[in-house]
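Order of the sequence lines sets the chain letters (A, B, ...), proteins ahead of strands, with each chain counted from 1.
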Amino acid sequence: MTEKIYLIIKECFSGRFVSIVVFIVTAAAAFSIGSFVIIVQSVENSVIRKFESAIPPGEIKVSRNTKELNGKSLAWLSGIKGVKAVYPLSASQIPMQAVISIFGLNYRTDLVCIGAPAEFVRADIEGAENRSDWLNWKPGMELPVLIPGILIEAYNNSMAEPNGLPEIKPDMAVGRELRIIFGKSSVKEIDGYSPELSRVAGFTDKIKSICLVIPLQAVKFYNNKFKDKTAGDSYISAYVLVESHKMLLGVAEKIEKAGLTAQTDKTLSEEMLSFKRKLESVFFLMTFIVFILALFSVIFSTMIAALHRMDYYRLLRVLGASRIFITISLLFKYSLIGFAGSFAGFIIMRSLLGIFISSLKIQGFEILMGNAGSADVWKAAGAGGLISFLAALPALFMVHSGKMNLDQ
Amino acid sequence: MLKLQNIKKYYKIAGLRKVILDDISFNLEKGEIISLTGKSGSGKTTLLNVISGLTRPSSGSVFLEGRKIKYFLDIMPSRMRNRKFGFVFQSFRLLPGETAWSNILLPARISGLITRKTLERAEEILEKLGLTEYKNTRTLLLSGGQKQRTALARALINDPDIILADEPTANLDSETAEEIHSFLVDFARAGKSVLVVTHNEYMFSHSDKIYSLADGNIKEMRKKVK
């Protein structure tokens, strides 16, 4: 067996020129496709953040119109056929202040809080402890807080620079403590106002308001405590999750008829949607062209290499190597080269894009490196290996359909 | 040792059946040398391909040590070629960029294991064939005779029972050809078998049987009187 492995390794180092070509082609493909994916996602993200209603597909944002949005209307919404879940949002209706110690300064500001159920913001809450606290929050417990991305953006774009403060990055803010004073603002103070210790549990783009997002039951509790009991049953909006996207418009129509306002992602500007679609099409086309070019380059390179080494494969076969062994040797070789090429291409892309990001700053545009994490490097390398594996099949077919016998 | 039973081989070319081998049957016993002769295109190499399991016969069977060769997944014929047969070709078929030693060990590598015994055997064969001093020389730099002796050493490394030689001396001078032939004769006298495609008189004179192939048909020309 060890000698067979030796022969496979030897095969990997044979035909070095073609191997280098395959390596470079897969590296270039991984570089290009990886860049395209990251750039298109970053552009889309910027478009969504700036222009979209932040309503995900398959969800309806419901707000009051002629009818109030309260416990009764929520129960009615839940009962509509095709509705999977209803997530109500409640706004604080009392004076409030937040005191944040940031960069050595005590920053105090009036604000509002929006209460959201744990299921609605679960994906944005960092850590199991924060998720558990959000779900089970009771008076007296430390309050987990989510910060809307729009708030951070507003701070970074309009406050940080004029005040000579550094920008806030999500990773440096999570876990930071702050105090929220319920019942007191710079203009009004209610007897018995209470400062509550809170901590940043993450960031969210689901709520696009200059506010802090806290557990729904906390908003209800403080509204009841400082206003009146009826305030706890009033909601500013609710997100209705439908069972399938097909049902979206039907459910939205029913809600509208009932006197509530229903907004879906269809309400997004048609121009922006069209721009987004065009952008996606252009990048898809570019990715497809790069993929096809890479695929054919690898196919032809492997075929040329196989043709050059035909005598060697014939000799191996005559001396007792099975077709299976020759197949494994060839496929292993090109899968390995494709894997290594894609790995290198992706790593280079990630490094260069990192340098590019740090040197380029466009207001409101941020390149998301989310798809270039460690796991994604392995995924890209695996995809490169698989493509080379598939691209080597025609060469393999050529080898096996050729004369593999004693003819001289 | 080796038995061919009603072997037929034909190819379809442009819808027409071209018969290459037509009902070939013979036995090769231990210690026997069979010489096979015939014109170019008479089917000699195809017959060697069928015997070694590289080509599947259209009909008929090949038996080795009483076992019928089965072609399923190519496993049995490959193992048989590697362990039971040694091959010698007219054009040597050596890896030119590699040393004589590396070429000789190739069948052992294909079998999956090189033991100390294999290496000792390789050294012995090299010495016997007068190749010790060329052990680390690339075969590209060897003379024709040295190349064929290297090929012969490669054929012997897995201690085969049968040597299949396809015109092994056609590219060699008479002196070297005689060396190779006498080596094949010695191999058979040691209880092994040789099937050689040849037109050489020396080989004919030492063969137990001589077969002639013409238009796919085999004919026994002469049997050695023992």
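B/S78 and A/A321 get closest at one heavy-atom pair: OG-O, 3.9 Å. Closest of all the heavy-atom pairs between B/F87 and A/V318 is CE1-O, 3.3 Å.
With hydrogens and angles ignored, the 3.5 Å screen pairs no side-chain donor or acceptor of B/R93 with any backbone N or O of A/L315.
Heavy atoms from other residues, nucleotides or ligands lying under 6.0 Å from NE2 of A/H308 number 12 at most. Open room surrounds NZ on B/K39; 12 or fewer heavy atoms of other groups in view lie less than 6.0 Å from it. The environment of NZ in B/K128 is sparse: at most 12 heavy-atom neighbours from other residues, nucleotides or ligands sit within 6.0 Å. By the neighbour-count criterion of 12 heavy atoms within 6.0 Å, atom CZ of A/F17 is sparsely surrounded, having that number or fewer from other residues, nucleotides or ligands. Applying the 6.0 Å contact sphere to CG of B/D159 captures more than 12 heavy atoms from other residues, nucleotides or ligands.
Atom OG of A/S322 sits about 14.5 Å away from atom CE of B/M76, to the nearest 0.5 Å.
Put simply, the side chain of B/D74 reaches to within 4.5 Å of the side chain of A/R317, judged on heavy atoms. Side-chain atoms of A/L7 and B/L106, non-hydrogen and from C-beta on, do get closer than 4.5 Å to each other. When side chains are defined from C-beta on, B/S111 does not count as touching A/K4, because their heavy atoms never get closer than 4.5 Å.
For the pairing with A/E3, the side chain to side chain contact (heavy atoms under 4.5 Å, CB included) check across B/L105, B/T118, B/I110, B/I114 returns one residue only, B/I114.
Heavy atoms of A/L316 lying under 4.5 Å from chain B belong to its backbone as well as its side chain.
Of all the listed residues (A/Y6, A/Y312, A/F325), the one sharing the greatest number of non-hydrogen pairs under 4.5 Å with chain B is A/Y6.
Under the side chain to side chain contact (heavy atoms under 4.5 Å, CB included) criterion, B/R79 pairs with B/I75, B/R83, sequence neighbours left out.
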Please report, to 0.1 Å, the donor-acceptor pairs under 3.5 Å made by any side chain of residues 28-36 of chain A, with sequence neighbours excluded.
unit_1	atom_1	unit_2	atom_2	d
A/S32	OG	A/A28	O	2.7
A/S35	OG	A/F31	O	2.6

